[in-house]
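Inspection log for the structure reproduced underneath, given as structure tokens.
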Amino acid sequence: MTTKEKVKDEIDNMPEELLDQVYEFINALKIKKARNKKIHTYRLKGRFDNMNIRERAYEKDSD
């Protein structure tokens with residue numbers, strides 16, 4: 001039995017009062033997943049295109 005089948009079986013055996021809470025929980029999981037969007041860099045005007053950002057972040061100042 002797969003995980004999906006197990007979840008469906010548990011939902012089928014669940015009291016009706018709890019189904020709304022389960023539905024809200026599932027929808028909350030979907031919303032969190034959608035929030036992981038890429039950061040657009042169009043306002044940086046190409047300053048970091050040809051730069052190793054990780055290396056640059058750990059450089060020591062040579063003042």
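Given the structure is predicted, the values throughout are model-derived calculations rather than measurements.
If you chain together hydrophobic residues whose side chains sit under 4.5 Å apart, Ile11 and Tyr23 never meet in one group.
For Asn52, the side-chain contact (heavy atoms from CB on, under 4.5 Å) criterion is met by Arg54, Glu55, not counting sequence neighbours. In this structure, the side-chain contact (heavy atoms from CB on, under 4.5 Å) partners of Leu18, at least two apart in sequence or on a different chain, are Met14, Pro15, Gln21. For Lys4, the side-chain contact (heavy atoms from CB on, under 4.5 Å) test picks out Thr2, Lys8, with sequence neighbours left out.
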